[in-house]
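None of the values given here were measured: they were computed from a predicted structure.
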Amino acid sequence: WNGMFKNNPLVHSAWFQNVQVIGTDALKECYYGCTGLTYAKFDNLELIASANTLRSMCANCTSLETIDFPTLRDITGGNVLYAFAQGCTALTDVRFPVLQSINGSSMAYCFQNCTSLESVNFPALQTMNSNGCAQNIFDGCTGLKGVHFYTLKTASGNQAMAKAFFNCASLQFADFPSLESIGQDCFSNAFSGCTSLTSLSFPKLNTLNSTNSFRNFLTGSYVEEVHFPAAMEEKITALNDFATCFGRGEGTVQFIFDL
């Protein structure tokens with residue numbers, strides 16, 4: 001099905017009711033550019049473990065409003081959902097209710113430039129364990145106001161969330177209440193250009209696997225304060241770029257160790 005319906009304006013929905021296994025490149029660019037597509041759902045899919053499986057599957061489907069993976073628990077493999085819904089400017093509803101782990105560069109650029117997307121929740125996500133797994137995931141989502149990572153504990157991969165919220169000018173909050181451990185360049189430029197975001201909080205953070213975990217993560221943002229656990233003060237202040245407030249500019253951000 002690789003590219004099967006590409007640029008077909010007559011396709012209106014993609015509903016996979018009984019698919020449980022998807023192979024390499026199986027649905028790559030399958031609905032790419034289908035400007036009439038409004039809905040994409042996988043009812044019984046629990047694991048995706050092959051490379052490029054859904055890569056750019058719904059990219060540039062400018063009428064797509066809803067994406068639903070009600071049973072998907074684990075994503076493993078390179079570029080599985082890479083640019084999956086990139087450029088879907090009508091997208092407003094994204095559902096991953098039981099997703100627990102993201103491995104490989106699985107969701108890089110997944111929702112890039114989805115300008116109508118306002119809020120996304122990952123209520124069960126616990127781990128991001130591979131390089132670039134969510135890199136640029138919401139890059140250019142100018143309407144995005146909030147993202148919740150309620151249960152995320154580990155983001156250990158190199159650049160796991162690098163530029164994740166790049167130029168999300170409407171973003172007002174990003175919640176990481178359970179995040180404990182992050183890897184090298186995890187949040188590199190993650191909040192660059194987030195001009196509506198004023199504060200961030202990492203209440204459970206206890207492990208940094210690199211001195212560059214927060215490299216330039218506030219560049220071009222309007223963040224005024226960042227909260228960390230009191231026990232992390234020595235580690236945070238020793239990080240590269242701390243003196244320049246991680247790219248925001250010296251003296252522009254208050255770092256509060258009160259959690």
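- Residues S210 and G183 approach most closely at CB-C, 4.4 Å, considering heavy atoms.
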Run the numbers on T66 and R95 for side-chain contact (heavy atoms from CB on, under 4.5 Å), then give the verdict. CA-CA 8 Å; T66 301; R95 306 171 190 170; 4.1 Å; yes
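- Connection of Y82 to L47 is not established within any shared hydrophobic cluster, with ILVMFWY side chains joined at heavy-atom distances below 4.5 Å, either directly or through further cluster members.
- Transitive grouping of hydrophobic side chains (ILVMFWY, heavy atoms separated by less than 4.5 Å) keeps F122 and V98 in distinct clusters.
- Using a 4.5 Å cut-off between side-chain heavy atoms of Ile, Leu, Val, Met, Phe, Trp and Tyr, with links allowed through other members, F16 and L54 fall into the same hydrophobic cluster.
- No path of Ile, Leu, Val, Met, Phe, Trp and Tyr side chains, each step under 4.5 Å between heavy atoms, connects I256 with I236, placing them in separate hydrophobic clusters.
- The closest donor-acceptor contact from the side chain of S106 to the backbone of L81 lies at 3.5 Å or more, if one exists at all.
- Between L27 and F42, some side-chain heavy-atom pair lies under the 4.5 Å cut-off.
- Counting heavy atoms from C-beta on, the side chains of N60 and T35 never come closer than 4.5 Å.
- The shortest non-hydrogen separation linking I102 to C133 is CG2-CB, 3.8 Å.
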Set out, in order, the CA-CA distance, both residues' side-chain angles and the distance that settles side-chain hydrogen bond (donor to acceptor under 3.5 Å, both in side chains) for N158 and Q184, then state yes or no. CA-CA 5 Å; N158 183 18; Q184 181 176 348; 4.6 Å; no
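- Proximity of a side-chain donor or acceptor of S178 to a complementary backbone N or O of Y150 within less than 3.5 Å is detected.
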Apply the test side-chain contact (heavy atoms from CB on, under 4.5 Å) to residues V253 and F246: give CA-CA distance (whole Å), side-chain angles for both, the deciding distance (0.1 Å), then the verdict. CA-CA 9 Å; V253 182; F246 302 109; over 6 Å; no
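- D175 places no side-chain N or O within 3.5 Å of a backbone atom of P177 that could act as its donor or acceptor partner.
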Evaluate the criterion side-chain contact (heavy atoms from CB on, under 4.5 Å) for residue pair L208 and L239; output intermediate values, then yes/no. CA-CA 10 Å; L208 302 174; L239 290 176; 3.9 Å; yes
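- The shortest non-hydrogen separation linking L171 to C194 is CD2-SG, 4.0 Å.
- Side-chain contact of Q86 with Q112: a donor-acceptor pair under 3.5 Å is present, judged by distance alone.
- For Y32, the OH atom counts as loosely surrounded, since its 6.0 Å shell holds 12 or fewer non-hydrogen atoms of other residues, nucleotides or ligands.
- The number of heavy-atom neighbours closer than 6.0 Å to NZ of K41, taken from other residues, nucleotides and ligands shown, is above 12.
- Considering C88, C34, S13 as possible partners of L64, the one that fulfils the side-chain contact (heavy atoms from CB on, under 4.5 Å) test is C88.
- Atom CG in N212 sits 10.5 Å away from atom CD in Q159 (nearest 0.5 Å).
- In this structure, CD1 in I75 is found 7.5 Å from CZ in F69, a value given to the nearest 0.5 Å.
- Of the possible polar contacts, none joining the T76 side chain to the N103 backbone as a donor-acceptor pair under 3.5 Å is found.
- Note on L259 and L179: separate hydrophobic clusters, where clusters join Ile, Leu, Val, Met, Phe, Trp and Tyr whose side-chain heavy atoms are under 4.5 Å apart, directly or indirectly.
- In Q17, the CD atom is crowded: over 12 heavy atoms of neighbouring residues, nucleotides or ligands sit closer than 6.0 Å.
- N52 and N79 make their closest contact through OD1-CB, 3.2 Å (heavy atoms, listed as atom of the first residue, atom of the second, distance).
- In summary, the side chains of S156 and N129 do present a donor paired with an acceptor at a separation below 3.5 Å, with no hydrogens or angles considered.
- F214 and F187 have parallel rings, their planes meeting at less than 30° on a 0 to 90° scale where 60° marks the start of perpendicular.
- Crowding of Y222 atom OH: a count of heavy atoms from other residues, nucleotides or ligands under 6.0 Å not exceeding 12.
- Aromatic ring orientation, F217 versus F191: perpendicular (interplanar angle above 60°, classes split at 30° and 60°).
- Salt-bridge annotation for K6 and E29: present, with a side-chain N of the basic residue lying under 4.0 Å from a carboxylate O of the acidic one.
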Under the side-chain contact (heavy atoms from CB on, under 4.5 Å) criterion, do F84 and I67 qualify, and how do the steps go? CA-CA 10 Å; F84 175 79; I67 293 171; 3.6 Å; yes
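- No donor-acceptor pair closer than 3.5 Å links the side chain of N216 to the backbone N or O of S188.
- Heavy atoms only, all atoms of each residue included: L197 and A174 are closest at CD1-N, 4.5 Å.
- One distance of note links OG of S199 with NE2 of H227; it measures 6.0 Å at 0.5 Å rounding.
- Within the 4.5 Å cutoff, side-chain heavy atoms of C168 are placed close to those of L144.
- The nearest pair of heavy atoms linking T142 to N167 is CG2-O, 3.9 Å.
- Using a 4.5 Å heavy-atom cutoff, the side chains of I182 and L205 are in contact.
- Within the 3.5 Å criterion, the main-chain N or O of S181 finds no donor-acceptor partner in the side chain of T154.
- Note: F173 and H148 have tilted aromatic rings, judged against thresholds of 30 and 60 degrees for the angle between ring planes.
- At distances below 3.5 Å, at least one donor-acceptor pair connects side-chain atoms of T38 with backbone N or O atoms of H12.
- Atom NZ of residue K145 and atom CD of residue E118 lie 4.5 Å apart, to the nearest 0.5 angstrom.
- With values rounded to the nearest 0.5 angstrom, M161 atom CE is found 11.5 Å from Q135 atom CD.
- Taken to the nearest 0.5 Å, the CZ atom of F257 stands 10.5 Å off from the CD atom of E234.
- Using a cut-off of 4.0 Å between Lys/Arg side-chain N and Asp/Glu carboxylate O, R215 and D185 are scored as salt-bridged.
- Within the 4.5 Å cutoff, the side chain of N209 has heavy atoms near those of the T207 side chain.
- A donor-acceptor pair is defined here as one N or O able to donate and one able to accept, closer than 3.5 Å; such a pair exists between the side chain of R248 and the backbone of V223.
- Taking the six-membered ring for Trp and thresholds of 30 and 60 degrees, F96 and F111 have ring planes more than 60 degrees apart, a perpendicular arrangement.
- Note: Y39 and W15 have perpendicular aromatic rings, judged against thresholds of 30 and 60 degrees for the angle between ring planes.
- The shortest distance between side-chain heavy atoms of F138 and L117 falls below 4.5 Å.
- Although no hydrogens or angles enter the test, the distance criterion places a donor-acceptor pair under 3.5 Å between the side chain of S196 and the main chain of A169.
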